Participant: 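I am attaching a structure below and will ask some questions about it afterwards.
Values reported hereafter were calculated over all heavy atoms of this structure, with side chains retained and with hydrogens, waters and symmetry mates removed. Chain A is the first sequence line, chain B the second, and so forth, proteins listed ahead of strands; every chain is numbered from 1. No experiment lies behind these values; they were computed from the predicted model shown.
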There are 2 protein chains.
Amino acid sequence: MATDDLMTKVLDALGDAQPTVEAIHDLTDLAEVPSSMTIAEVADRLALSAHTLRYYERAGLVTVARDSQGHRVYDADAVRRLVFLTRMRLSGMSMRELQHYIELVDAGEHTVPERMAMLAEHRDTIVRRLRELTLSLAAVDYKITTYGGATGSDVERRPSRDAAA
Amino acid sequence: MATDDLMTKVLDALGDAQPTVEAIHDLTDLAEVPSSMTIAEVADRLALSAHTLRYYERAGLVTVARDSQGHRVYDADAVRRLVFLTRMRLSGMSMRELQHYIELVDAGEHTVPERMAMLAEHRDTIVRRLRELTLSLAAVDYKITTYGGATGSDVERRPSRDAAA
DNA sequence: CTAGGACTTCGAGCGCGCTCTAACGCAAAT
DNA sequence: ATTTGCGTTAGAGCGCGCTCGAAGTCCTAG
């Protein structure tokens, strides 16, 4: 996923600081969003391909105006929406869910509660995934520190023979 | 992924405790591994489908003996290997990588250094993903707490108008 | 005048990880 | 005797999220 590169950038920018709400807020406008950008500029900025940007548009996730030559012109709102979309994709929200979310956004203010519910549910998904990964990390660490190669998840209590192949 | 259910079980078993090396070790043999199991029993235990188990076997990740009727008989080693494989899949290691890892295991002790390197690299991948998710979580929290619905990642500094749709 | 380069659309193709179907075998239960 | 149930195989199919190719348009530089 080309999208991963954006997170690399962001993490680099963060350094080792714990991400806080404030940090996120700052990240949002690390650089000002120009009032309009070409597809190449947006692709570069979000670290995804022009192909992907067109794909997102086809999928109904953004609407993008055209200039006199029929070329896409991304305004600041479109770019901000794409930043949001990219973040959500990266955190594991599916295209389908994002399409639904965007439908809600486009449907108006009265859908705010449902949007909140989606975000809350997604939050839970992220938390769950964090716990899974933390556990996996511990498991891998265990494997590295105690032996280092066999597939049996438990190394022999008494290393009389090699762990199961 | 059906595999997710296993982690659900494991997380439930863990409760809110921080996963530690010891906890992982205990988890490994939460229940004793019988000396042989049918495909249905293994599927049930690992919370993945019999289809998937056959698929893993076809992919060369495990070797499974047959009984007189040609039915699969999973011995303890096979089950332990599958526990390992499931864990690694869940933590994001690809089938391709696992195939390589298993080749190394089957190739003998002299591949231990390379296996260690793979594990270490995978460990880094997990850590990176944890950081990404932590950041995403902060972003989602930010969105939930500050506004709750628009796609613009930054809500207006002064909420004069609605954030970008 | 021509070549290059960035863009357009439409639609096909791909890699991954399963997931399922069809047709069949065997054994115990009715 | 047949139904039920659990297993087998080979191979096709699917959902996802891109990713790419072909053919064409337009502008600019040489």
Side-chain angles (χ1 to χ4, degrees), chain A residues 1-7 36-74 78 82 85-102 122 125 129 132, chain B residues 1-7 36-74 78 82 85-102 122 125 129 132:
Chain A
M1 210 191 289
T3 302
D4 290 348
D5 301 334
L6 175 64
M7 189 56 85
S36 87
M37 296 174 79
T38 67
I39 194 169
E41 287 163 350
V42 176
D44 190 60
R45 190 179 194 109
L46 301 188
L48 30 82
S49 72
H51 284 303
T52 300
L53 287 173
R54 293 190 198 101
Y55 165 69
Y56 284 178
E57 185 179 351
R58 263 191 287 179
L61 296 181
V62 258
T63 306
V64 185
R66 304 298 145 108
D67 66 12
S68 59
Q69 282 120 76
H71 290 194
R72 285 171 178 78
V73 178
Y74 289 85
L82 284 166
L85 293 169
T86 304
R87 237 206 264 301
M88 296 308 265
R89 287 290 305 115
L90 203 50
S91 65
M93 186 172 277
S94 69
M95 288 297 288
R96 186 180 296 272
E97 283 173 297
L98 280 174
Q99 284 168 339
H100 184 205
Y101 189 91
I102 291 302
H122 186 58
T125 302
R129 193 84 249 275
E132 288 176 4
Chain B
M1 212 190 290
T3 301
D4 290 350
D5 301 335
L6 175 64
M7 189 53 86
S36 87
M37 297 175 78
T38 67
I39 195 168
E41 288 163 349
V42 176
D44 190 61
R45 190 179 195 108
L46 301 189
L48 31 82
S49 72
H51 285 304
T52 301
L53 287 173
R54 294 191 197 100
Y55 166 68
Y56 284 179
E57 186 179 350
R58 263 192 288 179
L61 296 181
V62 258
T63 305
V64 186
R66 304 299 143 108
D67 66 12
S68 59
Q69 282 120 76
H71 290 195
R72 284 171 179 79
V73 178
Y74 290 85
L82 284 166
L85 292 169
T86 305
R87 236 207 264 303
M88 295 308 264
R89 286 290 306 116
L90 203 50
S91 65
M93 186 173 276
S94 69
M95 289 296 289
R96 186 180 297 272
E97 283 174 297
L98 279 173
Q99 284 168 338
H100 184 206
Y101 188 91
I102 291 302
H122 186 58
T125 303
R129 192 86 251 273
E132 288 175 4

Participant: Set out, in order, the CA-CA distance, both residues' side-chain angles and the distance that settles side-chain contact (heavy atoms from CB on, under 4.5 Å) for A:Leu82 and A:Leu85, then state yes or no.
Facilitator: CA-CA 5 Å; A:Leu82 284 166; A:Leu85 293 169; 4.0 Å; yes
Participant: Scan nucleotides 21-30 of chain C nucleotide by nucleotide, 5' to 3', and note B when protein non-hydrogen atoms come under 4.0 Å of the base, S if they reach only the sugar-phosphate, - if neither.
Facilitator: B----SS---
Participant: Does D:dC16 have OP1 or OP2 under 4.0 Å away from a side-chain N or O of A:Ser94?
Facilitator: no
Participant: Take atom CD of A:Glu57 and atom C1' of D:dT19, then tell me their distance rounded to the nearest Å.
Facilitator: 17 Å
Participant: Would you say A:Arg66 places a side-chain N or O within less than 4.0 Å of OP1 or OP2 belonging to C:dT9?
Facilitator: yes
Participant: Taking CG from B:Leu90 and C1' from C:dC18, how many angstroms apart are they, rounded to a whole number?
Facilitator: 15 Å
Participant: May I ask you to evaluate whether A:Arg89 reaches the phosphate of D:dC18, defined as a side-chain N or O under 4.0 Å from OP1 or OP2?
Facilitator: yes
Participant: Atom CZ of A:Arg58 and atom P of D:dC16: how far apart are they, to the nearest Å?
Facilitator: 16 Å
Participant: Please say whether more than 12 non-hydrogen atoms of neighbouring residues, nucleotides or ligands are located less than 6.0 Å from CZ in B:Arg66.
Facilitator: yes
Participant: Specify the separation, in whole Å, of atom CG of B:Asp67 and atom C1' of D:dT8.
Facilitator: 11 Å
Participant: Is the distance from OP1 or OP2 of D:dC16 to the nearest side-chain N or O of A:Arg96 less than 4.0 Å?
Facilitator: yes
Participant: Roughly, in whole Å, what's the span from CD in A:Gln99 to C1' in D:dG17?
Facilitator: 11 Å
Participant: Looking only at side-chain atoms of B:Ile39, point me to the closest of D:dT8, D:dG11, C:dC7.
Facilitator: D:dT8
Participant: Rounded off to whole Å, could you give me the CG-to-C1' distance for the A:Leu98 and D:dC18 pair?
Facilitator: 14 Å
Participant: Side chain of B:Arg72, heavy atoms from C-beta onward: which of D:dC20, D:dC18, D:dT9 has the nearest atom to it?
Facilitator: D:dT9
Participant: Starting at CG of A:Leu46 and ending at C1' of D:dG17, how long is that distance when rounded to a whole Å?
Facilitator: 17 Å
Participant: Looking only at side-chain atoms of A:Tyr55, point me to the closest of C:dC18, D:dT8, D:dC18.
Facilitator: D:dC18
Participant: Any chance you could lay out the side-chain contact (heavy atoms from CB on, under 4.5 Å) test for A:Arg89 and A:Leu98, step after step, and finish with the verdict?
Facilitator: CA-CA 8 Å; A:Arg89 287 290 305 115; A:Leu98 280 174; 3.5 Å; yes
Participant: Please lay out, stage by stage, how A:Arg45 and A:Tyr74 fare under the test side-chain contact (heavy atoms from CB on, under 4.5 Å).
Facilitator: CA-CA 12 Å; A:Arg45 190 179 194 109; A:Tyr74 289 85; over 6 Å; no
Participant: Between D:dT8, C:dC18, D:dC20, which one does the side chain of B:Met95 approach most closely?
Facilitator: C:dC18
Participant: When you check the phosphate oxygens OP1 and OP2 of C:dG17, does a side-chain N or O of B:Arg54 lie under 4.0 Å from one of them?
Facilitator: no
Participant: Between A:Arg54 and A:Glu57, does any NZ, NE, NH1 or NH2 come within less than 4.0 Å of an OD or OE carboxylate oxygen?
Facilitator: no
Participant: Between P on C:dG17 and CG on B:Leu53, what's the gap in Å once rounded to a whole number?
Facilitator: 16 Å
Participant: Backbone N or O of B:Leu90 within a donor-acceptor pair of the A:Glu132 side chain at under 3.5 Å?
Facilitator: no
Participant: Under 4.0 Å between any heavy atoms, over every strand shown, what does A:Ala50 touch: base, sugar-phosphate, or nothing? Just pick one.
Facilitator: nothing
Participant: Ignoring hydrogens and angles, state whether a donor on the side chain of B:His122 or B:Ser91 is under 3.5 Å from an acceptor on the partner side chain.
Facilitator: yes
Participant: Flag the pair A:Met93 / A:Thr125 as yes when at least one side-chain heavy-atom distance between them is below 4.5 Å, and no otherwise.
Facilitator: no
